[in-house]
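Reckoned from all heavy atoms, side chains included, excluding hydrogens, waters and symmetry mates. The chains referred to below are lettered A, B, ... by the order of the sequence lines, with proteins before strands, and numbering in each begins at 1. Because the structure is predicted, anything quoted here is derived from the model rather than measured.
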Amino acid sequence: MSCLPIFGELVERGCVFQATDEAGIEALLASGAAPVYVGIDPTAESLHLGHLLPLLTLRRFQRAGHRPIVVLGGATALIGDPSGKFSERVMLAPETVEEATESIRRQIGRFLDLAPDPWGARILNNRDWIHPLGVIPFLRDVGKHFPMGAMLGKESVRTRLGTEGSGLSFTEFSYLLLQAYDYDHLCQSEGCRLQVGGSDQWGNITAGIDLIRRRQGLEAYGLTLPLVTTAAGTKLGKTEAGTVWLDAQRTSPYAFYQYLLQIDDRDVGRLLRYFSERECAAIRALEEAHALEPEKRTAQKALAYELTALVHGSRETDRVMRVSETLFDGRSISDLDSESFRLLESAIPGTVVPATPEGWQLVDLLVATGLVSSKSRARSDIQAGAISVNQLRVDAVGKRLARDEFLWGRYLLLRHGRRHYAWVRLDREG
RNA sequence: GGAGGGGUACCCAAGCGGCCAACGGGGGCAGACUGUAAAUCUGCUGGCUUUUGCCUUCGUAGGUUCGAAUCCUACCCCCUCCA
């Protein structure tokens, strides 16, 4: 079967950070359907935005006719990858890794076609071949191929040993060997000769390539993706409030959409090239339109819509968009109908409170909805003019809300700052 | 095993008996300006209590003292060098 050219497109999109041998990779991909492998260590119950680029890259390979393989690190997650980490990690409990492996396995189906045919993606767990391995066979057959000098020269090892206050245990030091063994194993069992990973995976990938050359005498390849950072200097998807997860229970589709909508102008073009399925020419057109009228956030909207739809489905994304427009288009609260409020309730955080004759203290409601962290904080924020109720700014610190201030006798829309909203609903009884 | 250095709020980092809820920087949040941007300026950044205070916090547990993050004892953890 014939495959579509893909390597050039990845380069054009800026998705190739490093490649071991570009000509070799192109030749491999041109020769027919090739297995392509990405490893993910299940260290949490959900994937997050940072996992998206590797997965979407596999998706592109699959579209082009190649076969994606995702290796879940059921074994390696128990060790911990020192790459890109500045200090020794806390070891995860086996049960934790077990659960994380299963929930991540379920998430991957959204991005890859798992059909049981030759093009179907495969999801494997490296514990299946690492656990049966005995210590002595491992040291003789794998460890013997790793010269100490090369190990100590690895970036991930050097930074850890060279950093005051950090360190590196033998356990984490061995991580490299396990991942190299993964690649070697896949090469043998699946004929896989291309591994893709984040930029911090370069050392692990090349270690695998070396091992394959030594044990099997075969040439294997690797390419790394850029680390996706923002103009603010942070990793994409890492905020002060926490990680942007792909699981709707952890990061609501609304929060997910809003995060992308608020992407810095300087980043949005690059992110579209990484994540969007649009052609590069279409993305350039979007960028030009955006440059003319940046306040319209055309590019951000395109990015946010496309990714939210990919992760949470287009139906949910339409709801989330409607809520966003309702909250931010500056319309008066009285234009909202109770139907919109029901929609809001499903998208943004909020709380249900019982009706009381004496009404509610605003500071208590702000804390109850999670909009602010404490009553002291709520008071000072009210004084700073940061709090609105039903889109009207509140200036009285001791503000009490009686039933007649609730819309339709039931709802309040609280706002903290420009963009943090929460709802309050009175319980029917009482 | 030996010697030395160190553990302070989200992070870095001062403080080394009372004036310490703890200097400063970063980050974060908020206000002004805006585009739900960026940059800039301003304020806030343990909790409770509407300002008087009270409670909790400086690795852990005790102790000395009118009074401790600061002194003493034991323990835990980290780093560096030597073995």
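- Here the separation of B:A14 from B:G6, taken at their P atoms, is 11 Å to the nearest Å.
- Contacts of A:H312 classified as ring-ring contact (aromatic ring centres under 6.0 Å, His included), with partners at least two apart in sequence or in another chain: A:F256.
- Evaluation of the salt bridge (Lys or Arg N to Asp or Glu O under 4.0 Å) test over residues 194-203 of chain A, restricted to residues two or more places apart or in two chains, returns none.
- Between A:E358 and A:R400, none of the side-chain N atoms (NZ, or NE/NH1/NH2) sits under 4.0 Å from a carboxylate O, so this pair counts as no salt bridge.
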Using residues 379-387 of chain A as the side-chain source, report each donor-acceptor pair under 3.5 Å to any protein atom, sequence neighbours left out, with the distance given to one decimal.
from, atom 1, to, atom 2, distance (Å)
A:S380, OG, A:S376, O, 3.4
A:S380, OG, A:R377, O, 3.1
A:D381, OD2, A:H416, NE2, 2.9

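- The partner of B:U64 cannot be assigned: no Watson-Crick or G-U wobble pair with both contacts below 3.5 Å exists in any strand.
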Could you check A:Q195 against A:Q201 for side chain to side chain donor-acceptor pair (under 3.5 Å), going step by step and ending with a plain yes or no? CA-CA 10 Å; A:Q195 180 178 179; A:Q201 292 301 306; over 6 Å; no
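- Within residues 360-375 of chain A, the residues approached by RNA chain B to less than 4.0 Å at the level of any non-hydrogen atom are A:S374, A:K375, in residue-number order.
- A heavy atom lying under 4.0 Å from RNA chain B marks the following residues of residues 287-315 of chain A, by number: A:P294, A:E295, A:R297.
- Looking at residues two or more places apart in sequence or on another chain, you find no ring-ring contact (aromatic ring centres under 6.0 Å, His included) involving A:Y257.
- Taking atom P in both B:A38 and B:U57, one finds a spacing of 38 Å when rounded to whole Å.
- Using C1' as the reference atom, B:U70 and B:A32 are 42 Å apart when rounded to the nearest Å.
- When the C1' atom of B:U36 is taken as reference, atom CD of A:Q391 falls 12 Å away, rounded to whole Å.
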Expected rows: protein N/O vs nucleotides 27-32 of chain B N/O, under 3.5 Å:
from, atom 1, to, atom 2, distance (Å)
B:G27, O2', A:E240, OE1, 3.1
B:A32, OP1, A:R393, NH2, 3.1

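- If you take atom C1' in B:G47 and the same atom in B:G26, they sit 24 Å apart, rounded to whole Å.
- Partners of A:D318 by salt bridge (Lys or Arg N to Asp or Glu O under 4.0 Å), not counting sequence neighbours: none found.
- Annotation: the span from A:T96 atom OG1 to A:E99 atom CD amounts to 6.5 Å, rounded to 0.5 Å.
- Salt bridge status for A:K399 with A:E405: present, with a side-chain N to carboxylate O gap under 4.0 Å.
- B:U8 and B:C77: their C1' atoms are spaced 16 Å apart (whole Å).
- Taking atom CZ of A:R266 as the reference point, atom P of B:G35 lies 18 Å away to the nearest angstrom.
- In a base pair of the Watson-Crick type (N1 to N3 plus N6-O4 or O6-N4) or a G-U wobble (N1-O2 and O6-N3), with each distance short of 3.5 Å, B:G1 is matched with B:C82.
- A straight line from CZ of A:F256 to C1' of B:U36 spans 18 Å, rounded to a whole angstrom.
- The distance from atom NZ of A:K238 to atom P of B:C11 is 16 Å, rounded to the nearest whole Å.
- Between the side chains of A:K154 and A:S83, no donor-acceptor pair is found at a separation under 3.5 Å.
- Between B:A74 and B:G2, the distance separating the two P atoms is 14 Å to the nearest Å.
- Residue contacts shown for A:L327 are absent, as no nucleic acid heavy atom lies under 4.0 Å away.
- Here A:W245 pairs with A:H48 under the ring-ring contact (aromatic ring centres under 6.0 Å, His included) rule; sequence neighbours left out.
- Here the separation of B:A69 from B:U51, taken at their C1' atoms, is 27 Å to the nearest Å.
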Salt bridge (Lys or Arg N to Asp or Glu O under 4.0 Å) for A:K301 and A:E325? Distances and angles first, verdict last. CA-CA 11 Å; A:K301 279 180 183 164; A:E325 284 166 6; 5.8 Å; no
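- Note on residues 68-77 of chain A: pairs passing side chain to side chain donor-acceptor pair (under 3.5 Å), not counting sequence neighbours, are A:D41-A:T76, A:T76-A:N126.
- Every residue was checked against the side chain to side chain donor-acceptor pair (under 3.5 Å) condition with A:T298, not counting sequence neighbours, and none meets it.
- Ion pair A:R342/A:E345 not flagged as a salt bridge, since none of the NZ, NE, NH1 or NH2 atoms sits closer than 4.0 Å to an Asp/Glu carboxylate oxygen.
- Across all strands shown, A:D265 has heavy atoms under 4.0 Å from base atoms, whether or not it also approaches the sugar-phosphate.
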Between the protein and nucleotides 50-54 of chain B, list the N/O to N/O atom pairs that are separated by less than 3.5 angstrom.
from, atom 1, to, atom 2, distance (Å)
B:U50, OP2, A:R379, NH2, 3.4
B:U50, O4, A:G398, N, 3.3

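- Applying the 4.0 Å criterion to OP1 and OP2 of B:C44, one finds that A:S380 has every side-chain N and O outside that range.
- Comparing B:C20 with B:G53, their P atoms are spaced 15 Å from each other, to the whole Å.
- Taking a pair to require two hydrogen-bonding distances under 3.5 Å in either a Watson-Crick or a G-U wobble arrangement, B:C23 remains unpaired.
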